[in-house]
Amino acid sequence: LPNIVILASGNGSNFEAIVNATRKGILNANILRLITNKKCFAEERAKKLGISHTRLKDNWAEELFVLLKELAPDLVVLAGFMKILPSKIVNNFKIVNIHPSLLPAFPGKDAIKQAYEYGVKVTGITIHFVDEGVDTGPIIFQKALEIDGLTLEEVEKEIHKLEHKHYPQVIESILNS
Ligand code: GAR
């Protein structure tokens, strides 16, 4: 099986969806490690799911580079990892990211809220290869969502549903391409 490493900084719901997809046979991959850069709920999920976990320290970028060299994953999966990766890492590994808007609209933090407050009638999710920018890099997959008349909470729920459904499938297709 191909090996993947998942990087997260927050809730970890995408991390959990990816783990569950491997257990259901939707995603045929071996998850080597969850890597976080701070204390977060994703770490609790890793414990519960029996996935080994490393929390990066202050010198996070160098530590991450060394760790990835050692683990040598086929793909690095960003799942709410809220740090910009240095070129040394971006240029040495195949890395994919998910973002909760239709890029290039609303990059950065709180994209769902940014889109909602702007008043867009259609938003969505983007899965893309990672370069040195903030939520930039070649787009692999997008799914649109009509949000006219929904509350922010409803939009958040629908966006996360789309993420949890599509991210494992897109990872599977990248690993098979
Ligand atoms: C997800 O909505 C993901 O798209 C977003 O962080 C959330 C993490 O949720 N990523 C970005 O905004 C990247 N710029 P999770 O921790 O529950 O998976």
Side-chain angles (χ1 to χ4, degrees), residues 4-24 26-27 29 31 33-49 51 53-56 60-61 64 75-86 89-90 93-118 120 122-145 147 150-172 174:
I4 65 175
V5 164
I6 303 174
L7 273 62
S9 309
N11 181 19
S13 70
N14 280 283
F15 160 68
E16 181 155 353
I18 293 163
V19 173
N20 288 338
T22 64
R23 292 176 182 176
K24 287 183 194 147
I26 294 166
L27 171 57
I31 300 171
R33 190 81 55 97
L34 170 72
I35 301 174
T36 59
N37 63 306
K38 58 177 187 180
K39 186 174 160 63
C40 58
F41 193 63
E43 298 174 346
E44 303 302 316
R45 295 188 197 255
K47 245 174 256 164
K48 190 187 71 185
L49 293 163
I51 302 287
H53 160 245
T54 299
R55 188 191 299 166
L56 304 170
W60 71 271
L64 179 58
L75 184 67
V76 176
V77 174
L78 306 188
F81 187 69
M82 303 312 251
K83 287 266 190 201
I84 306 307
L85 296 172
I89 292 178
V90 167
F93 301 94
K94 195 171 180 184
I95 311 173
V96 67
N97 182 44
I98 189 163
H99 184 75
S101 74
L102 292 175
L103 290 172
F106 311 113
K109 283 186 187 165
D110 298 322
I112 303 173
K113 196 161 172 239
Q114 286 185 55
Y116 187 84
E117 288 180 350
Y118 193 92
V120 299
V122 178
T123 183
I125 64 167
T126 302
I127 298 169
H128 64 95
F129 287 117
V130 171
D131 65 15
E132 285 174 68
V134 179
D135 301 315
T136 58
I139 291 175
I140 304 161
F141 174 91
Q142 291 187 304
K143 190 84 185 176
L145 176 71
I147 63 167
L150 301 187
T151 65
L152 175 59
E153 292 66 35
E154 288 167 336
V155 176
E156 282 168 347
K157 197 171 159 220
E158 292 305 315
I159 289 282
H160 293 309
K161 260 200 242 167
L162 287 180
E163 292 190 320
H164 301 161
K165 175 175 178 211
H166 293 288
Y167 207 12
Q169 295 176 356
V170 172
I171 293 166
E172 172 72 9
I174 294 167

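Positions are given from 1 along the sequence. Every number for a ligand or one of its atoms is a count from 1 in the order of the listing.
- Of the candidates His164, Glu156, Glu163, it is Glu163 that places a heavy atom closest to atom 4 (O) of ligand 1.
- For atom 17 (O) of ligand 1, the closest non-hydrogen atom on the protein side is Ser13 OG, 2.5 Å.
- Considering only residues two or more places apart in sequence or on other chains, His164 meets the side chain to side chain donor-acceptor pair (under 3.5 Å) condition with Ser13.
- With Thr126 as the fixed residue, the side chain to side chain donor-acceptor pair (under 3.5 Å) test singles out one of His99, Lys143, Gln142: Gln142.
- Nearest-residue assignment for atom 18 (O) of ligand 1 (options Ile84, Asn14, Asn11, Ile6; heavy-atom criterion): Asn14.
- Scanning all protein heavy atoms for the shortest distance to atom 5 (C) of ligand 1 gives Pro100 CD, 3.7 Å.
- Scanning the protein heavy atoms around atom 10 (N) of ligand 1, the nearest turns out to be Ile98 O, 3.5 Å.
- Ligand-side atoms of ligand 1 in range of Asp135: 13 (C), 14 (N), range being under 4.0 angstrom from any heavy atom.
- Contact check for Leu103 versus Thr136: no side-chain heavy atoms found under the 4.5 Å cut-off.
- Applying the 4.0 Å criterion to heavy atoms of Gly12 picks out, from ligand 1, the atoms 15 (P), 16 (O), 17 (O), 18 (O).
- At the top of the distance list for atom 8 (C) of ligand 1, counting protein heavy atoms only, stands Gly80 CA, 3.7 Å.
- Close approach of ligand 1 to His99 (heavy-atom distance below 4.0 Å) involves ligand atoms 4 (O), 11 (C), 12 (O), 13 (C), 14 (N).
- Near Gly108, the atoms of ligand 1 lying under 4.0 angstrom from a non-hydrogen atom of the residue are 12 (O), 14 (N).
- In this structure, His160 is part of the shell of residues with a heavy atom less than 4.0 angstrom from ligand 1.
- Taking 4.0 Å as the cut-off between side-chain N and carboxylate O, Lys161 and Glu158 count as a salt-bridged pair.
- At a threshold of 4.5 Å between non-hydrogen side-chain atoms, the residues Ile18 and Ile4 count as touching.
- With a 4.0 Å heavy-atom cut-off, ligand 1 is reached by the side chain of Met82 but not by its N, CA, C or O.
- Considering only heavy atoms from C-beta on, Leu85 comes within 4.5 Å of Leu64 through its side chain.
- For the atom pair OG1 (Thr36) and CZ (Phe15), the distance works out to 10.0 Å, reported to the nearest 0.5 Å.
- The two residues His53 and Ala46 make their nearest non-hydrogen contact at CB-CB, 4.3 Å.
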